[in-house]
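The next block holds one structure in the form of structure tokens; read it before the comments.
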Amino acid sequence: MAHIKRIIILINLLGSRIKRNISLVLLLILLLSAFGVYAQNFRFAHVSDTHIGAGISEEDLNRTVSDINSQDSLDFVIVTGDITEMGTDEELALAKEILEKLNIPYYVVPGNHDTGWSESGGVTFITEFGYDKFSFEHKGYKFIGCASGPYVRMSDGHIPRDAIVWLDQVLKKTPKDQPIIFVNHYPIDNSLDNWFEITERLKEYNTQFAICGHGHRNKAFDFEGIPGIMGRSNLRANKEVGGYNIIEVTNEVANIYERTPGGETHKAWNSVELGKRNYKVRSDYERPSYKVNDSFPQVQKAWEYHSDANVISTPAVTNGKVIFGNSTGLVEALSEDTGKKIWNFETKGGIFSSPAVYKDNVILGSGDGNIYSLNSENGSLNWKLKFEASVLGSPIINKGVIYIGGSDGSFRAIDARNGKEIWKFSGLNGPVVSKPLIYDHKVIFGAWDKHLYALDIKTGELAWKWTNGSANRMFSPAMVIPVAANGSIYIVAPDRFITAINGETGETLWRSNEAKVRESVGISRDKKSLYAKTMNDTLVAFKALGKNSELSWKKDLDYGYDHVPSMLIERKGDIFFGGRNGVVFSVNTDQKEVNWKFKIDNSMVNTINLLSRKKLVAATMDGKVVLLKWK
């Protein structure tokens, strides 16, 4: 419509003479259709990595907002993620309050800091801003912004599966020649485990360039031919004032300028030529390889199901059904035999809770603040119990009692039959996102408040709480599922220590960073050995001795850098675990050799569910759920 209006105005200006010259009019129409989308210049601000909640970030963002408001030439603002430091509800509310002071429209996408430690599983971000992805048009350009995780887990950057599904719908409605500007927190390279899903789609369209943050510096990129612009952090760092970028789009070029709030707009540090894009098909770009599967033909994928959103939990298997929730709040049940969907149930918040089985029912929490009991046969609701905030933690059930933590500062015991609260412990200062351990009449779990807790299983009274002494909340023992043997509790955490704790008193028995483990741990069925992944290639085994630390063995498995919380499961001398890039491992503890490896996709594998010595169910962050069998 804008093209037609410009044509009519031009014809009127030229007068009746040109109106009679139909050929010339048609020529003008063709010319304006081809080049008119670039005819209107505009400028917008690019703000990134504001990290509200860290240091003097609030002051820095307020200064930037005031500076943007002082300029008449800016049409809107793009904010490319890491708006907050820890993604807390309080930080998000404050960030929203500051951004609302802008006199021009603004558009935001979340970054890993907004979602990775989110106490709501990303629900609050959407509640505050109304979306976690966007699409809008401005002077002929289409701006498309995607969320990028990870969500509630430590992992690589990942464009959520539901965002990919959404992007396909947006692009389907976009003319092939309309210029596109893509917006994301991460660069669209292999810092995202599914970068190629974005680049391959964008290269089919007239994508002019992509904007990102994450790196806290101004930098030009080439994303498989797509020009990339990384913007600096708004934080001042070691300078007196922070900063942001102004992007000026003209007929032929986009110029990028750094702006010092209250100061000057500096000389352009980058320019991107604009025009009709024709991206060439090339075979030399990096892509995930699945050749490893050819080396282990004894492993077969019985079936595979791809959910429409991320799956960030361990599926339950009961009564011939594989049951799990996804990050848009949908609970799905598949046939264990065929992988076909049998039923689904909708909650109103993302699910990061691994279901637990109680008789013919499954129990799980949701980001909508409820814990649900569903009939495993048909998905009908038995009961639900409302918490005061999201429920991201996974339940454990013992003698008909559910034990589960929430994001409302509480941990509860609940009657599995009817959902009635038995007791409630309210002494937490951070969300619970993992699965508890029941040991020695105690329920033991970590929270994102720097502590590991032990509560009396009957009363909910605090037996003890433990901390590693770090002031950094990011080192909390929150993601690990603790294990225990011979009176000792064992955990690993992002501080890269493995720790033994007296189960009765909470006293530290020993701590070792000899192996540089992360958040994945397991214990042998005979309770004699501990297993853990290091952050680079190596599987390690410690003796479960209690008072002393002794490394039994280590094996280089050549899996590369790995920091995902996928616990290790041991059965009859074989260890099973998942990795960062979609690979499931089986390792023999006697020979210290790999039995087999199988690559499912290129994203994080959650803790697997081992069904027998020859069968397991695995789910990946990208929403793949598979049944593997082996000889």
Side-chain angles (χ1 to χ4, degrees), residues 49-62 65 79 81-101 106-134 147-154 160 185 234 310 312 325 327-329 347-353 365-371 385-394 404-412 424-434 445-451 472-474 476 478-479:
D49 296 270
T50 56
H51 289 273
I52 294 299
I56 50 178
S57 56
E58 181 180 349
E59 181 182 335
D60 287 340
L61 183 54
N62 269 308
V65 167
V79 188
D82 278 4
I83 297 166
T84 64
E85 178 67 5
M86 293 292 292
T88 67
D89 294 354
E90 181 181 1
E91 290 173 352
L92 287 165
L94 179 56
K96 172 74 177 299
E97 179 183 332
I98 298 171
L99 290 171
E100 281 292 299
K101 298 175 186 177
Y106 68 91
Y107 304 89
V108 299
V109 290
N112 57 300
H113 276 256
D114 304 311
T115 60
W117 296 276
S118 169
E119 61 192 290
S120 68
V123 171
T124 301
F125 189 98
I126 297 173
T127 301
E128 288 288 350
F129 296 104
Y131 55 85
D132 62 358
K133 42 193 174 287
F134 63 75
S148 55
Y151 281 68
V152 190
R153 299 289 189 269
M154 176 58 69
H185 175 63
N234 187 66
N310 288 5
I312 310 176
S327 60
T328 60
T347 74
K348 296 181 180 180
I351 296 173
F352 304 89
S353 177
S366 170
D368 67 11
N370 289 289
I371 179 170
L385 177 66
K386 182 69 175 176
F387 283 37
E388 295 171 20
S390 296
V391 185
L392 309 181
S394 300
I404 188 169
S407 296
D408 58 357
S410 72
F411 191 95
R412 289 173 170 85
K424 175 181 175 182
F425 175 79
S426 300
L428 310 179
N429 293 308
V432 176
V433 297
S434 190
F445 60 92
W448 280 116
D449 65 358
K450 300 178 287 188
H451 289 94
N472 190 341
R473 178 184 162 190
M474 294 182 185
S476 299
M479 190 52 62

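The first residue of the sequence shown is numbered 1, and numbering continues consecutively from there.
- Comment: Glu388 engages Lys424 in a salt bridge, judged by a side-chain N to carboxylate O separation of less than 4.0 angstrom.
- Rounding to the nearest 0.5 Å gives a distance of 4.0 Å between CG of Asp132 and CD1 of Ile126.
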With side-chain contact (heavy atoms from CB on, under 4.5 Å) as the test, would you mind laying out the steps for Ile404 and Val391 before giving the verdict?
-> CA-CA 8 Å; Ile404 188 169; Val391 185; 3.6 Å; yes
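- Side-chain N or O atoms of His451 include one that pairs as donor or acceptor with a backbone N or O of Asp449 at under 3.5 Å.
- Counting only distance, with no hydrogens or angles, the side chain of Thr84 and the backbone of Leu92 share no donor-acceptor pair below 3.5 Å.
- Although no hydrogens or angles enter the test, the distance criterion places no donor-acceptor pair under 3.5 Å between the side chain of Ser410 and the main chain of Ser426.
- A distance-only check finds a donor-acceptor pair linking the side chain of Arg153 to the backbone of Phe352 [under 3.5 Å].
- Glu119 and Ser390 make their closest contact through O-CB, 3.5 Å (heavy atoms, listed as atom of the first residue, atom of the second, distance).
- Nearest heavy-atom pair, Glu58 versus Leu94, reported as atom, atom and distance to 0.1 Å: OE1-CD2, 3.6 Å.
- Annotation: salt bridge (charged side-chain N to carboxylate O under 4.0 Å, His left out) contacts of Lys101 (sequence neighbours excluded): none.
- Between the OG atom in Ser120 and the CG atom in Leu392 there is a gap of 7.0 Å [rounded to 0.5 Å].
- To the nearest 0.5 Å, the span separating CD1 on Ile52 from CG on Leu61 amounts to 4.5 Å.
- In this structure the side chain of Arg473 reaches within 4.5 angstrom of the side chain of Met86, judged on heavy atoms.
- Considering all non-hydrogen atoms of both residues, Val152 and Gly121 come closest at CG2-CA, 3.7 Å.
- Nearest heavy atom pair, residue Lys386 against residue Asp368, reads NZ-O, 2.7 Å.
- Using a 4.5 Å heavy-atom threshold, the side chains of Pro110 and Phe125 count as touching.
- Taking the side chain as every heavy atom from C-beta outward, His113 and Met474 approach each other to under 4.5 Å.
- The heavy-atom pair separating Ile83 from Thr50 by the smallest distance is O-OG1, 2.8 Å.
- Among the candidates Leu99, Val109, Asp114, Thr124, the single residue satisfying the side chain to side chain contact (heavy atoms under 4.5 Å, CB included) test with Phe129 is Leu99.
- The CH2 atom of Trp117 sits 7.0 Å away from atom CH2 of Trp448, with the distance rounded to the nearest 0.5 Å.
- Judged by distance alone, the side chain of Asp82 and the main-chain N or O of Asn112 form a donor-acceptor pair under 3.5 Å.
- Sorted by first and then second residue, the salt bridge (Lys or Arg N to Asp or Glu O under 4.0 Å) pairs with a member in residues 86-98 form an empty list; sequence neighbours excluded.
- Of the possible donor and acceptor atoms, one in the side chain of Ser57 sits under 3.5 Å from a partner among the backbone N and O of His51.
- Between Asn234 atom CG and Asp49 atom CG the span is 9.0 Å, to the nearest 0.5 Å.
- Below 30°, between 30° and 60°, or above 60°: for Tyr131 and Phe134 the angle between ring planes is above 60°, a perpendicular geometry.
- Shown here for Ala147 and Lys133, the closest heavy-atom pair between the two residues is N-CB, 4.2 Å.
- Ser366 contributes no side-chain N or O that, together with a main-chain N or O of Ile351, makes up a donor-acceptor pair within less than 3.5 Å.
- A distance of 11.0 Å separates CZ of Phe445 from OG of Ser434, quoted to the nearest 0.5 Å.
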